[in-house]
Structures are given as structure tokens and as C-alpha cells.
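Data first, discussion second: the structure below is written as C-alpha cells.
Sequence lines set the chain letters: A, B, ... in the order given, protein chains first and strands last, and positions in each chain run from 1.
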Number of protein chains: 2
Amino acid sequence: MSDERSASCDTAAQAGRFAAGADPVKREQILDGAKRVFMSVGFDAASMNDITREAGVSKSTIYVYFANKDELFAAIMERERMQLTQSLQDLLSGIEDVEEGLFRYGVGFALQVTAVGTVSAMRTMIAVASRMPQLSGQFFQQETLNVRTVLEHFLEQQVARGTLRVDDIPLAARQYIELCTGTFFKLCLFGVARTPPSTSEIERVVTGAMKLFMAGYGVKKSDPSMQ
Amino acid sequence: MSDERSASCDTAAQAGRFAAGADPVKREQILDGAKRVFMSVGFDAASMNDITREAGVSKSTIYVYFANKDELFAAIMERERMQLTQSLQDLLSGIEDVEEGLFRYGVGFALQVTAVGTVSAMRTMIAVASRMPQLSGQFFQQETLNVRTVLEHFLEQQVARGTLRVDDIPLAARQYIELCTGTFFKLCLFGVARTPPSTSEIERVVTGAMKLFMAGYGVKKSDPSMQ
DNA sequence: GTGCAATCGAACCACTCGGTTCGAAAAGGT
DNA sequence: ACCTTTTCGAACCGAGTGGTTCGATTGCAC
């Protein structure tokens with residue numbers, strides 16, 4: 001039954017014909033339009049009439065695809081979270097050198113969290129965090145853990161290789177993340193910085209972060225001939 | 001004329017009789033009630049009917065004191081900002097020892113930014129930052145500058161005393177602030193941490209921050225007899 | 001061309017919103 | 001007790017809210 005339905009959907013994808021509420025193109029169209037309104041004015045000030053206009057579909061169609069405003073919002077935030085998480089997965093793939101890894105992670109992460117889309121998604125989620133604890137918990141919990149886990153694994157590897165000496169890996173990972181991104185993220189979130197920081201500014205701050213981090217955790221090379 | 005009015009107000013303060021909309025007790029009552037609603041559900045979801053009930057005054061009285069919802073909100077956020085700024089003014093007064101100063105600043109600041117009241121004020125302001133850029137700009141700009149300036153002055157003093165070697169004071173100040181508070185603040189803001197961190201947890205993280213900071217910027221004592 | 005179904009969009013619903021009006025009640029001064 | 005003024009609170013206003021209904025239009029398959 002479900003296999004039959006799945007096959008039917010795959011076939012229909014070529015044909016452009018779906019059951020009501022099942023057209024992925026129409027669904028994305030709604031999500032895209034709604035996202036623009038939610039990210040612009042937040043959940044409460046986003047009206048379904050505004051979303052109808054922005055998405056370019058009928059309001060009754062929106063209600064065929066989503067049960068209510070809350071469900072539409074949740075779908076958008078989940079989509080945002082997945083995109084954000086996805087883009088951070090491979091920041092440290094295949095890297096073995098400690099400074100190259102730290103630099104690449106720091107810059108990549110800073111670019112990600114200061115991007116306009118990320119900031120507005122965060123801001124929108126923060127605004128309703130106390131009223132929608134489950135949704136916000138899911139959004140921030142997963143994202144936070146994933147980002148730090150990647151760095152923690154990398155630090156563990158470096159400790160095993162003898163390039164770093166770290167007693168508390170989770171604390172060190174937190175410290176490095178905050179050194180690289182903390183101020184940037186806050187300035188963007190608060191609206192003090194109207195545009196994302198430049199890449200060169202990010203690189204400058206990440207370089208300083210690395211320098212401090214290595215001063216605290218780096219293992220000095222004891223053999224001068226290896227320099 | 002204005003002197004006469006001012007004297008009249010001072011006298012009346014003892015007597016309990018004010019011109020309409022000029023009673024400071026009634027004004028605070030409105031602000032307190034409105035604050036509770038705004039901080040709980042945000043600007044948009046806070047209705048003037050809710051605020052009327054919470055403040056325990058008539059809606060028409062609220063409109064005698066404040067022109068509209070926006071003005072009421074702005075007055076509350078300004079009051080919050082001033083309280084926040086005030087409480088951070090003297091964190092480093094009279095301290096000369098570098099590690100004592102760093103510890104005291106780190107712990108004091110972390111306790112302040114993770115307090116429930118601070119977090120909800122920030123969250124509420126962030127939610128409307130893109131719609132009320134002037135208000136949010138004022139709120140965050142002043143607060144951010146003041147907090148960091150205090151630390152920068154302290155670092156400058158320590159550099160002059162020879163206990164720290166810092167090329168870039170503003171960057172170092174940012175780094176230390178983020179090391180001490182960055183993760184705590186975000187976890188609270190995102191609603192992941194449901195309660196503020198314990199003082200012992202803050203002290204643990206601040207101690208780690210100091211250790212890292214001194215590893216990077218501290219001037220080692222070259223005279224053993226001074227230990 | 002025909003038939004079927006998804007989508008459209010105008011109209012509708014009960015309710016809430018921010019803000020206004022104004023007579024009654026309350027408070028304070030003399 | 002009387003007078004004045006502040007505050008109260010019920011009723012009101014036009015606009016907007018999320019969500020529903022349903023005949024007309026459109027799009028796709030055959």
C-alpha cells in the first residue's frame with residue numbers, strides 16, 4: 001500500500017499531477033513565501049493574509065497543505081535547521097593539521113552563523129522560545145550539539161596525536177567556538193551590525209582566537225630541528 | 001512658570017495629588033504590569049487588554065500616561081537598559097590585581113547576563129530588532145559599549161603595570177568576555193538552559209577562561225623571589 | 001474534447017486588536 | 001460636606017485575525 005503510493009508519487013513527479021496537498025513544488029512555494037514573511041516580522045506579526053500574498057497561492061490552498069499557522073511555522077523552522085546543520089557537517093573532513101583545522105572550522109562556522117538567513121532564523125526562533133519550548137528546544141538543541149561535536153572529535157584526535165594538551169575537551173571546544181564567533185553573532189543578532197562581517201575581519205578574529213587557543217593548549221615543539 | 005510647576009510637583013509628592021498622567025507611583029504600576037506581559041509573550045502577543053489586567057489600572061488611564069503601545073514598550077525597554085547598565089558600572093572599582101579583576105569581572109558579568117530578567121529583556125528586544133531598529137540600536141549599542149569599555153580600561157592599566165602584554169586591547173576584551181559568558185548567554189537565550197547556571201559552574205568556566213587568557217597574554221614572573 | 005480534481009478567490013465567521021468616549025466612582029484638598 | 005480632578009470601566013469603533021465554505025477556474029490525463 002505505502003510502496004504503491006510511493007511509486008505513484010515518483011511516477012507523478014514526472015507528470016506534474018498530485019493529490020491535493022501533495023505537490024512538492026507547491027509546498028515549497030508556500031514555504032518559501034511564508035519564510036520570507038516570518039523571517040521579516042516574526043511569528044505573531046506575520047498574518048496568513050500576508051503569507052497568502054507573498055506565496056502567491058490561495059489561502060485555502062495553504063490550509064490544504066498545512067493544518068494551521070503553527071504547523072506552517074514549524075515546518076519552516078525545521079527546514080531552516082536542517083539546512084544549517086547540513087552545511088556544517090563537513091567543515092573538518094579530511095583535515096589532520098591542527099592549525100589548518102582550527103582555522104577552517106573557525107572561519108567556516110563564523111561565516112555560517114553571521115549569514116543574514118541564519119541570523120533571522122535564530123532571531124525568529126528566539127522570539128517564540130518561551131511560548132514554543134518544544135519547537136525551540138528541537139531547533140537549538142540539535143544544532144548546538146552537532147556543531148560542537150564535530151570540533152570535539154577533532155580536538156580529541158589532536159590530543160591523541162600529541163599536538164594539543166586538553167584536560168576538558170568540551171570546555172575547550174566551547175571556548176574556541178566563542179572566541180571565533182561570539183561577538184560577531186551577538187552583534188548581528190542584536191541588529192547592531194547591519195551587515196555580516198567581512199571575510200577578512202572574520203579571518204583576523206579567528207587568527208587571534210587560534211593564537212590564544214594554541215598558547216593555552218598547544219604542545220610546543222621541543223625539537224628545534226623540526227621547525 | 002516651569003520652576004513653579006516643578007516646585008508644585010515636589011510639594012505634591014508628599015501630598016499624593018498629581019495632574020493627570022503625572023503620578024510616579026501610578027506610572028511605575030503601569031510599567032511593572034506591562035513589563036511582565038511584554039517579557040512573557042513579547043511585544044506583538046502582549047495585548048493592551050492583558051496589560052490593563054496585569055497592571056490593575058484602567059485602559060483609559062494607561063492612555064493618559066502613554067500615547068500608545070509603542071511608547072509604553074519603549075519606556076519599559078529604556079528602564080531595563082538603564083538598570084542593566086547601572087549594575088555593571090562598578091565591577092572593577094578599586095581592583096588592581098590582574099587575576100582578581102578578571103575573575104571578578106567574569107563572574108559578575110556572567111551572573112548578570114544570565115539572570116532571568118536580563119535574558120527575557122534581551123529576547124524581547126531581539127524579537128523586534130528588525131522592526132524597531134532605533135530602539136534596539138539604542139538598547140544594545142549603549143549596553144555593549146559600556147560593558148566592554150570597563151574591561152578595556154582595566155586591561156590598559158594592566159598592560160601599563162607590566163602584568164599583561166596585549167597588542168590589541170579591544171580584541172582581547174572581546175575574547176575574554178566571550179570566554180566567560182558566551183555559551184551561558186546563548187543557552188539561556190535559546191531556551192536550552194531553563195534556569196541560570198549555578199555560581200559554581202560560572203566560576204569553573206571563568207577560571208578556565210582566565211587560565212587560557214593568562215596563557216596568551218600574561219607576563220610570566222621572571223623573578224622567582226616575587227612569588 | 002471531455003472528465004476529474006487541484007487550486008483559486010471572494011465571501012464569510014466569531015473573535016481580537018489598539019485606541020476612543022464619557023458618565024460614574026473614587027480620591028484628595030479645603 | 002463640598003468641590004475639583006483623577007481614575008475607572010463599560011461600551012464602542014474600524015480594522016484585522018486565523019480559519020472555513022464553496023462555486024468557478026484551471027490544469028492534467030485520457
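- The residue B/Ser60 sits close to a base: some heavy atom pair falls under 4.0 Å.
- Here the nucleotide nearest the side chain of B/Val57, chosen from C/dC17, C/dA6, D/dC8, is D/dC8.
- Nucleotide C/dC15 holds its P atom 23 Å from the CE atom of B/Met48, rounded to whole Å.
- Atom NZ in A/Lys59 sits about 7 Å away from atom C1' in D/dG19, given to the nearest Å.
- With a 6.0 Å cutoff to the six-membered ring centre and a 45° limit on the axis angle, A/Lys26 does not count as a cation-pi contact of A/Phe18.
- Distance B/Asn49 CG to D/dA10 P: 12 Å, rounded to the nearest Å.
- Axis angle, first five pairs versus last five pairs of the helix from C/dG1-D/dC30 to C/dT30-D/dA1: 30°, rounded to 10°.
- Counting to the nearest Å, the C1' atom of D/dT5 and the OH atom of B/Tyr65 are 12 Å from each other.
- Considering only side-chain atoms of B/Lys26, the nucleotide from C/dT7, C/dG19, D/dC8 that sits closest is D/dC8.
- The separation between B/Asp70 atom CG and C/dG18 atom P is 11 Å, rounded to whole Å.
- Taking the centre and axis of the six-membered ring of B/Phe43, the NZ or CZ atom of B/Lys69 falls inside the cone set by 45° and 6.0 Å.
- Within the cation-pi definition used here (under 6.0 Å to the ring centroid, within 45° of the axis), B/Arg27 does not qualify as a partner of B/Phe66.
- Within the nucleic acid shown, B/Ala67 has no heavy atom closer than 4.0 Å to any nucleic acid atom.
- As a whole-Å value, the separation of A/Asp50 CG from D/dG16 P is 10 Å.
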Would A/Thr183 and A/Val205 count as a side-chain contact (heavy atoms from CB on, under 4.5 Å) if you check the C-alpha gap in whole Å, the side-chain angles of each, and the deciding distance to 0.1 Å? CA-CA 10 Å; A/Thr183 300; A/Val205 170; over 6 Å; no
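- Salt-bridge annotation for A/Asp90 and A/Arg104: absent, with no side-chain N of the basic residue lying under 4.0 Å from a carboxylate O of the acidic one.
- Note on A/Asp50 versus A/Arg53: salt bridge recorded, some NZ/NE/NH1/NH2 to OD/OE distance being below 4.0 Å.
- In terms of phosphate contacts, B/Tyr63 brings no side-chain nitrogen or oxygen within less than 4.0 Å of OP1 or OP2 of D/dT7.
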